[in-house]
Amino acid sequence: MSGPGHNSGETPHLDRACDHAQLRKMDAVELKHVAEELRRETIAAVAGTGGHLGAGLGVVELTVALHHVFDTPRDRLIWDVGHQAYPHKILTGRRDRISTLRQGGGLSGFTKRSESEFDPFGAAHSSTSISAALGMAVARDFNGDKRHCIAVIGDGSMSAGMAYEAMNNAGAMRARLIVILNDNNMSIAPPVGAMSSYLSRLISSRPYVGLRSLAREVASHLPKPLFQAAERAEEFARGMVAGGGTLFEEMGFYYVGPIDGHNLDHLLPILRNVRDSRDDRPVLIHVITQKGKGHPFGKEAEDRYHAVNKFDLQVANDGVLKGAAKPAGAKAPTYTRVFADALIDAADKDPKIVAVTAAMPSGTGLDLFAKKHPKRCFDVGIAEQHAVTFAAGMAADGLKPFVAIYSTFLQRGYDQVVHDVMLQSLPVRFALDRAGLVGADGATHAGIYDLAYLGCLPDFVVMAPGDEADLARMVATCAAYDQGPIAVRFPRGEGLGVAMPEPGEKIEIGKGRVLRDGNAVAILNLGGRLAECQKACDALAQQGLSATLADMRFLKPLDLDLVLRLARSHEVVLTVEEGSPGGFAAAVLQALANAGALDAGLRIRALTLPDRLIDHDTPERQYAEAGLDARAIVNSALAALGRAEKRA
């Protein structure tokens, strides 16, 4: 095998551990060496590729323990979100490809069913693991199998209602299921030590479980008042031992914990006890971990724990890995920063403006807003459904909420967008970051469906800026709009470096703009492909064709006058959007058809993302594959005109 740091002289224990038969024969001392080597190799891999680092480093020992104790892949091991699964990938036959992580044609940054039999369920959004594991447990019982189903879910993912819906269902069904709560924020339980670990081992053991069942059986024959008193006493004793387990017990789970997730001497016996238990109830094991444990940037850089760009590694004199981030070299502000600055400016002028995010304050720029207006910024956790309806409630009573959510994550709150916002015509402002293709995070995070799923909603204004200056104008437009719901979707990454407008400058609802005039080809752009459209116009000019470029700005209301005018004055019309079929092109074609503009034989071509998934790669390669770069735009125009491209 080959890979970052992979050398039999450097990682002898990890070399053996990648053979699961060998891993299961190792003792605790050897497993500790495996964990140490696995942590170093995970750091080295991410140094070369970038990616989510902190979460994976926090579960190194847990990963080793789970694969040692359980018979994976026969036993189903499901990682919630999947961004912590890099160590899992190294241990499960993908070590030789770990240097391809998040690269075109390489390993996914998340779990993926098509990638390995050790990934029984794909994930990249949060809070799905318990539902999936419960479904697999039911399938196991239907098929008469004996395998275990284990869901590993982080405490952050427990802020989503779906996790509790699944636990409530599992408890009611008394399904044999193991849930491991990876608590890396100390948000549920106090610090744990040897006594807590001892008590957890005790209550997870077969003798204790059997004795507890026997005691409950005996108590059930007592008079009701005595039985109830015994039950309360037992619950009190359990509460003294288990601390935060009362909630989970009430939901029908047998609670074990909290235990130290970095101490294999604690983890291994408890996992074995749970594995070998004959109790038929679901079990929750509460594990305390440190996110980013062993992180090369040190504790003083906790903001870098979650995800990192590529970085340089060096081995210090004391043998500790250290890293230095490579400079980004940004030439223009990011769209996220432009949105944040424009929202702060609007809020400075209007005290009714508030902001809502679903556990992504830094990703959406609302961390900057919160510094300026801390009492007007609300992080509701990983709860997009709640975020939307929460904002609807504020809008109903006169506030002006901006809901800042990644496009891909708003999918999780779509019913609330329809039922709680649109049907009541409430002026909730949606700021959809990461619209379009997003590069290394791949299909799970692509924001490509919003034009279709918002464009079909009545009286919903939907905007998409072609550059960062227009984004600033659209934020101001949202702030001033009170007639109903309004959304602005914008891409990831840097802007085009254009001059910024005066603060507070707005645009007219439903009106596009013509940036270049021509007579042969009309290019109607919506959103972040504007720069590629400009390049395409230049290339068409070299072919002897003059092109009109219209930045349409609005999906709804569509600038029908502009569309009809360009359709009647050009030989070919191209629509360009970084969205799925069913969005902007569909709206334009329907408008032209209804106006009779297609009856005269207008040649129109719709450039959308293809009707298939596009895997992780660089954004440039993704858009080239999708046929949405400048060359593809030129070729579409020439093909519509029946001409071939002239080679320079």
Side-chain angles (χ1 to χ4, degrees), residues 303 306 328 330-381 384 387-388 390-395 397-407 409-410 421 426-435 447 461-483 485-509 527-528 553:
D303 59 319
H306 182 66
K331 297 180 181 179
T334 65
Y335 283 95
T336 302
R337 181 58 187 258
V338 170
F339 163 72
D341 289 343
L343 184 59
I344 290 169
D345 175 73
D348 289 343
K349 300 170 183 174
D350 189 339
K352 290 189 176 183
I353 288 178
V354 293
V356 180
T357 182
M360 298 295 290
S362 61
T364 59
L366 290 194
D367 56 336
L368 303 174
F369 182 89
K371 290 178 181 178
K372 187 70 181 293
H373 299 290
K375 294 184 179 180
R376 294 157 64 183
C377 188
F378 304 90
D379 184 349
V380 302
E384 290 84 4
V388 173
F390 173 53
M394 290 192 285
D397 267 4
L399 294 182
K400 297 183 176 181
F402 278 76
V403 180
I405 296 181
Y406 289 7
S407 170
F409 295 149
L410 187 61
V421 177
L426 289 171
V428 176
R429 292 95 174 149
F430 293 93
L432 307 189
D433 204 329
R434 271 59 168 185
V461 175
V462 182
M463 301 182 287
D467 56 42
E468 65 270 33
D470 242 20
L471 173 58
R473 297 185 186 101
M474 289 178 181
V475 173
T477 304
C478 287
Y481 187 77
D482 284 317
Q483 286 71 53
I486 186 169
V488 54
R489 50 104 71 178
F490 49 92
R492 181 181 187 175
E494 299 169 9
L496 306 185
V498 299
M500 296 300 292
E502 290 295 318
E505 182 179 315
K506 299 182 286 292
I507 59 178
E508 183 180 354
I509 296 291
R553 288 176 160 169

- Message: Side chains of P401 and R429, heavy atoms from C-beta outward: is any pair under 4.5 Å?
- Response: yes
- Message: Treating R489 as the side-chain partner and G527 as the backbone partner, does any N or O pair qualify as donor plus acceptor under 3.5 Å?
- Response: no
- Message: Given L366, which partner from the list V356, L343, T336, D379 fulfils the side-chain contact (heavy atoms from CB on, under 4.5 Å) test?
- Response: L343
- Message: I'd like to check D482 versus K400 (side-chain heavy atoms, cut-off strictly below 4.5 Å). Are they in contact?
- Response: yes
- Query: Just by distance, do the side chain of Q483 and the backbone of P427 share a donor-acceptor pair under 3.5 Å?
  - Reply: no
- Query: Would you say the side-chain atoms of R376 pair up with the backbone N or O of I353, donor to acceptor, closer than 3.5 Å?
  - Reply: yes
- To the nearest 0.5 Å, what is the distance between CZ (F390) and CD (E384)? 14.5 Å
- Note on the structure: For K371, the side chain to side chain contact (heavy atoms under 4.5 Å, CB included) test, sequence neighbours excluded, returns none
- From CZ (F339) to CD1 (I344), nearest 0.5 Å: 9.5 Å
- L432 and side-chain contact (heavy atoms from CB on, under 4.5 Å): which partner among L410, V488, T364, V403? L410
- Atom CE in M463, atom CD1 in I486: separation rounded to 0.5 Å? 3.5 Å
- Item | Test item: D433 side-chain N/O and Y406 main-chain N/O as donor-acceptor pair under 3.5 Å | no
- Rounding to 0.5 Å, atoms CZ (R337) and CG (L471) come to a distance of 13.0 Å
- Would you check if the side chain of E468 reaches a backbone N or O of V498 as a donor-acceptor pair within less than 3.5 Å? yes
- Query: So H373 and F369, would you call those rings parallel, tilted or perpendicular, with 30° and 60° as cut-offs?
  - Reply: tilted
